[in-house]
Amino acid sequence: MNLDELLKEYSELELQLADPAVHADQSRARTLGKRYAQLTPIVTTYRELEAARDDLVAAKELAGEDEGFAAEAKEIEERLPKLEERLKHLLIPRDPNDDKDIIMEIKAGEGGEESALFAGDLLRMYLRYAERIGWKTEIIDSQPSDLGGYKDVTVAIKAKGDEGVWSRLKYEGGVHRVQRVPVTESQGRIHTSAAGVLVYPEAEEVEVQIDPNDLRIDVYRSSGPGGQSVNTTDSAVRITHLPTGVVVSCQNEKSQLQNKESALRILRARLLAVAQEEADAAAQAERKSQVRTVDRSERIRTYNFPENRISDHRVGFKAYNLDQVLDGELNAVTQSLIDAEMAEKLAQHS
């Protein structure tokens, strides 16, 4: 969509939002309001740029009569490139999922119990990061390990403000590698293990329609670390989506109904991701960067404990504050990935 079309859409949104009848439908009003908020910085910057251009013409015309206008013209000329650059940034197409909340799965991989402990460290890192920003988190399902880590854990992260969780955490999908001396290591040797992270934009029910006839639902008894029974009823639920073969299991809740709802929530997010991959080749290429098999060789980031170093291999980011990052100070890491993506998009649209 070009700038003229965006300006026209903005004017139409202003008219619609001024109509009291629109606000009778809260869902529609919210959708329109969100789009209006997205377009406002573009329109504001465009108007500021046009006003500056008009002022420059006027200042140049008057500069011959008054030297003060010559200085003003020079100041405006210096300001114009910054406004033009800002507008160029704002006009870069946004990821349509940037406003969405997410569902994140963290899976232990190579390294046995040490990998499960690291999966627990990653979970804590994301929970602390969400807490710092003011996001709400909910652990939907988990399979704890014997030593207090996680074989598999699924968490939903929900934003409270305008900025969606996906816009900052979509880059976390992939293999995360850790180098440290495991608690199970008696000789003090440094081991390398890995955990995998999958990130999905959370799907609304209206976005993904699931035909109950396409589902096979199995129930079974929940189990915890070591295989001991967690409860005595068949409350755990496994849902298989027959057309795609996607399988989701949930056992966190004591109620079979609650586990079924949680499993459907995860299934919707996974099916939305699959649908987007099929619809968009670019999205498919991006999704390939996320972990399919949690293998050490397919890493996006390394967490080196002896050196207190964190390295993101995609953008060359490196910092020596691993302890702070694991405590939720992820902003510098995520910003480096956001900046790299923006630079790539600017290059494509220049």
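All values below were derived from every heavy atom in this structure, side-chain atoms included, with hydrogens, water molecules and symmetry-related copies excluded.
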Drop me the distance from [X]'s [atom1] to [Y]'s [atom2], to the nearest 0.5 angstrom.
X	Y	atom1	atom2	result
T334	E172	OG1	CD	7.5 Å
I310	M125	CD1	CE	6.5 Å
L272	I103	CG	CD1	10.0 Å
L13	E9	CG	CD	5.0 Å
L80	E48	CG	CD	10.0 Å
I266	L271	CD1	CG	12.0 Å

Practice prompt. Mind checking side chain to side chain contact (heavy atoms under 4.5 Å, CB included) for K136 and listing every partner two or more places apart, or none if nothing turns up?
Written response: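 With neighbours one apart ignored, the set is K158.
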Would you indicate whether the side-chain heavy atoms of [Y] and [X] approach each other to under 4.5 Å?
X	Y	result
T240	V246	no
R35	Q16	no
V165	W135	yes
I157	D101	no
I42	L3	yes
W166	E202	no
V43	L6	no
V248	R270	yes

Fill in: Pair E50-R53, salt bridge (charged side-chain N to carboxylate O under 4.0 Å, His left out): steps then yes or no
CA-CA 5 Å; E50 288 297 287; R53 284 170 175 164; 2.9 Å; yes
Discussion item. Side chain to side chain contact (heavy atoms under 4.5 Å, CB included) for L117 and V178? Distances and angles first, verdict last.
Written reply: CA-CA 11 Å; L117 288 170; V178 62; over 6 Å; no
Please check this pair: side chain of [X] against backbone of [Y], looking for a donor-acceptor N/O pair closer than 3.5 Å.
X	Y	result
S115	A194	yes
S142	P144	no
D152	K107	no
N259	N252	yes
H176	I300	no
Q26	H23	yes
D214	H241	no
S311	T302	no

Do [X] and [Y] have a side chain donor and acceptor closer than 3.5 Å?
X	Y	answer
Y36	E14	yes
N304	Q179	yes
D95	S167	no
Y129	R168	yes

Worksheet item: Under the criterion salt bridge (charged side-chain N to carboxylate O under 4.0 Å, His left out), which of K318, R301, R177 is the partner of D312?
Response: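 Only one option passes, and that is R301.
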Minimum-distance pair of heavy atoms, taken over all atoms of [X] and [Y]:
X	Y	value
G164	A159	CA-CB, 4.4 Å
A73	L56	O-CD1, 3.4 Å
A332	F317	O-CE1, 3.7 Å
I140	A156	CD1-CB, 3.7 Å
V199	G173	CG2-N, 3.7 Å
A119	A108	CB-N, 4.3 Å

Does [X] come within less than 4.0 Å of [Y], counting only side-chain N to carboxylate O?
X	Y	answer
R180	D121	yes
K8	E5	no
K88	E84	no
D327	R132	yes

Worksheet item: Going by the angle between their ring planes, with limits at 30° and 60°, are F118 and Y303 parallel, tilted or perpendicular?
Response: perpendicular
Is [Y] reachable from [X] through a run of hydrophobic residues whose side-chain heavy atoms are each under 4.5 Å from the next?
X	Y	value
L326	Y320	no
L242	V247	no
V219	L215	yes

Give every donor-acceptor pair under 3.5 Å between a side-chain atom in residues 57-71 and any protein atom, sequence neighbours left out.
| residue | atom | partner | partner atom | Å |
| --- | --- | --- | --- | --- |
| K60 | NZ | E77 | OE2 | 3.1 |
| D66 | OD1 | G68 | N | 2.8 |

Item to complete: Verify side chain to side chain contact (heavy atoms under 4.5 Å, CB included) between L322 and F305, making sure each step is shown before the conclusion.
Response: CA-CA 7 Å; L322 177 57; F305 276 70; 3.8 Å; yes
Practice prompt. Applying side chain to side chain contact (heavy atoms under 4.5 Å, CB included), run through I133 and K160 and close with a yes or a no.
Written response: CA-CA 9 Å; I133 293 180; K160 288 184 179 176; over 6 Å; no
Worksheet item: What's the verdict on salt bridge (charged side-chain N to carboxylate O under 4.0 Å, His left out) for R79 and E75, showing C-alpha distance, side-chain angles and the deciding distance?
Response: CA-CA 6 Å; R79 190 155 50 94; E75 184 272 326; 3.3 Å; yes
Practice prompt. Dump the intermediate steps for side chain to side chain contact (heavy atoms under 4.5 Å, CB included) on Y126 and L330, then the final yes or no.
Written response: CA-CA 8 Å; Y126 293 125; L330 256 178; 3.9 Å; yes
